[in-house]
Amino acid sequence: MKRSQAHFYLVPILTTLTISNTANLVLAGGFALNEQSVKNVGNGYAGTAVNIDDASAIFFNPAGLTHLTGNSVTGSAFVIYPTVRFQNQGSTVVTGAPLTGSNGGEAGVDVVVPNLYAAWSLSDTVKAGIGFNVPFGLATKYSNDWVGRYQAVESRLATININPTVAVKLSDNFSVGAGLNVQYAEATLSNAIDFGLIGRSAGLPTRPQQADGFVKVTGSDWSVGYNLGVMYEPSKSTRIGLSYRSAITQDIRGNADFTVPQSLQVLTARGQFTDTGAKAVVNLPDILSLAVYQELSPRVSVVGDVTWTNWSRFKELRVQFDNPRQADSVQPENWEDTYRFGLGVNYAVNDKLTLRTGVTYDPSPIKDEFVTARLPGGDRTLVGVGASYRPSKSFSLDVAYSHVFTEDSPINQSSTTTGTVRGEFESSVDVVGLQLNWQF
């Protein structure tokens, strides 16, 4: 077997380089990760822009840092257990014959998502901080023999975001904050190639699905964005937060390595299926969130929010190749903007223990006709429960659990080279989070 490369197989592979809802590792519509605060997960992901309890405000609304006293460090880890199962409903190769293979097994990949935040008090009114977080992610892996192997086998995306921040309290009830986001993204993606079909189209005595090859693509990029926030308190019991995270453009660059059956090396004679560099410009969305906190009694408070995500920036994925013999490949996406709605409740049992719960409805930006094996769609309902325990004034512990109910997602993904994957995805996600907070 010889390793080489072809342009039209990079399209489904690099689609997931849109950095990354976990296919579903991703817990926000599209491929964004909102696991930045365990308290927020316990509230069912509701009320993110009014977070003032710990340094994770750096991510959600930097203006919230002005409510912290002294210096603080917040570290958290989330274990995400996605379940992704496919049911074949008549998938075919381009000749119309049935695609052979299994349903792919359990495609969800368990992952750990860490975050770390630190905040410093420069004065009574000025705060500074820095965050290290994972804003996007994707991890799925189907069995090598499944019916959709020509569209996807493994998809793994990891990001790291460095987020220095400053916040200023302009008056007793009004604060502003701003942060810089320096983001690194890295992906490993693979799928099978039907060289039997390609050989047949070239006049060779081969049959579809009888001479599979393989492609593995890796790519990475550094990009820069920013986030802004304001917070207003009309009274001691009411808090309103508005936050904005800017769009980020990722110029993904990497390489694709192909494995071609030895008997079909003739297919590389004209320069195709040979290793080459590739790049794809990916437009990540900007996000605007409005949240409200309301204290109903000394023990009970509620939080709610509405969040707009500009997914419509992701209209297509165009892949360009260093090899002049390989033309651009274009995968239409045509995603839609989404509005997410959340509501949460907190109950202070006593000065040391607080319980919380909440629910969020998060629609998918992916139209049914654009669902892919790498990124199944489906509207989501996120339900969370959690607790906070403060044994001392300087230390506190947060725990949370969330279950993500996802609507079944039909797929009818067609290609002139890979056939049609036709069926339905069933998926859900379980999340467990632990967070430690230290003030000094």
Side-chain angles (χ1 to χ4, degrees), residues 1 5-16 23-24 82-109 140-155 189-217 256 258-264 266-267 272-273 329-333 366-378 406-427:
M1 305 281 278
Q5 166 181 53
H7 68 280
F8 41 80
Y9 294 101
L10 279 173
V11 173
I13 292 173
L14 288 177
T15 296
T16 53
N24 274 352
T83 297
V84 183
R85 295 189 178 96
F86 173 73
Q87 182 63 46
N88 184 27
Q89 297 175 353
S91 301
T92 59
V93 294
V94 294
T95 62
L99 271 166
T100 61
S102 68
N103 284 330
E106 172 52 63
V109 177
T140 55
K141 187 174 183 180
Y142 302 93
S143 59
N144 289 340
D145 66 344
W146 85 294
V147 294
R149 60 192 178 277
Y150 302 128
Q151 276 79 8
V153 172
E154 181 179 10
S155 307
L189 308 152
S190 67
N191 61 260
I193 307 169
D194 190 353
F195 280 108
L197 174 64
I198 296 171
R200 176 180 172 177
S201 65
L204 300 176
T206 58
R207 293 186 297 170
Q209 305 186 76
Q210 299 301 309
D212 284 359
F214 202 74
V215 59
K216 182 177 181 180
V217 173
F258 278 62
T259 301
V260 181
Q262 190 64 40
S263 61
L264 293 175
V266 65
L267 295 175
Q272 292 182 325
F273 305 104
S329 294
V330 181
Q331 173 69 54
E333 297 295 343
I366 309 172
K367 300 178 183 179
D368 287 351
E369 58 265 38
F370 294 106
V371 171
T372 68
R374 293 195 184 278
L375 208 60
T406 305
E407 291 186 0
D408 293 349
S409 178
I411 183 173
N412 191 10
Q413 183 182 357
S414 296
S415 166
T416 57
T417 59
T418 61
T420 299
V421 174
R422 188 178 295 111
E424 190 170 69
F425 286 98
E426 297 179 0
S427 59

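Only heavy atoms go into these numbers, but all of them, side chains included; no hydrogens, no water, no symmetry mates. Residue indices begin at 1 and follow the sequence shown.
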Determine whether a donor-acceptor pair (N or O, by modelled atom type, separation under 3.5 Å) exists between the side chain of [X] and the backbone of [Y].
{"X": "S190", "Y": "E154", "answer": "yes"}
{"X": "S91", "Y": "R422", "answer": "yes"}
{"X": "N88", "Y": "N103", "answer": "no"}

Checklist line | Within 6.0 Å of CZ in R207, more than 12 heavy atoms from elsewhere | finding: no
Which heavy atom in [X] sits nearest to a heavy atom in [Y], and how many Å separate them?
{"X": "I411", "Y": "E424", "value": "CG2-N, 4.3 Å"}
{"X": "A152", "Y": "A373", "value": "CB-CB, 4.2 Å"}
{"X": "G213", "Y": "P261", "value": "CA-CD, 4.3 Å"}
{"X": "G377", "Y": "T406", "value": "O-CG2, 4.0 Å"}
{"X": "A202", "Y": "L267", "value": "CB-CD2, 4.1 Å"}
{"X": "L204", "Y": "L264", "value": "CD1-CD2, 3.6 Å"}

query = Are any of the side-chain heavy atoms of N412 and S414 separated by less than 4.5 Å?
reply = yes
Task: Any side-chain heavy-atom pair of D194 and Q209 under 4.5 Å - done: yes
Full working for side chain to side chain contact (heavy atoms under 4.5 Å, CB included) between V84 and F86
CA-CA 7 Å; V84 183; F86 173 73; over 6 Å; no
task = Go through the steps to decide whether D408 and Q87 satisfy the test side chain to side chain contact (heavy atoms under 4.5 Å, CB included), and finish with yes or no.
result = CA-CA 11 Å; D408 293 349; Q87 182 63 46; over 6 Å; no
Per side chain to side chain contact (heavy atoms under 4.5 Å, CB included), L197 is matched among D212, V94, T206 by V94
Output for pair (I198 CD1, Q272 CD), nearest 0.5 Å, gives 8.5 Å
message: When you compare the side chains of Q413 and R374, does any donor N or O come within less than 3.5 Å of an acceptor on the partner?
response: no
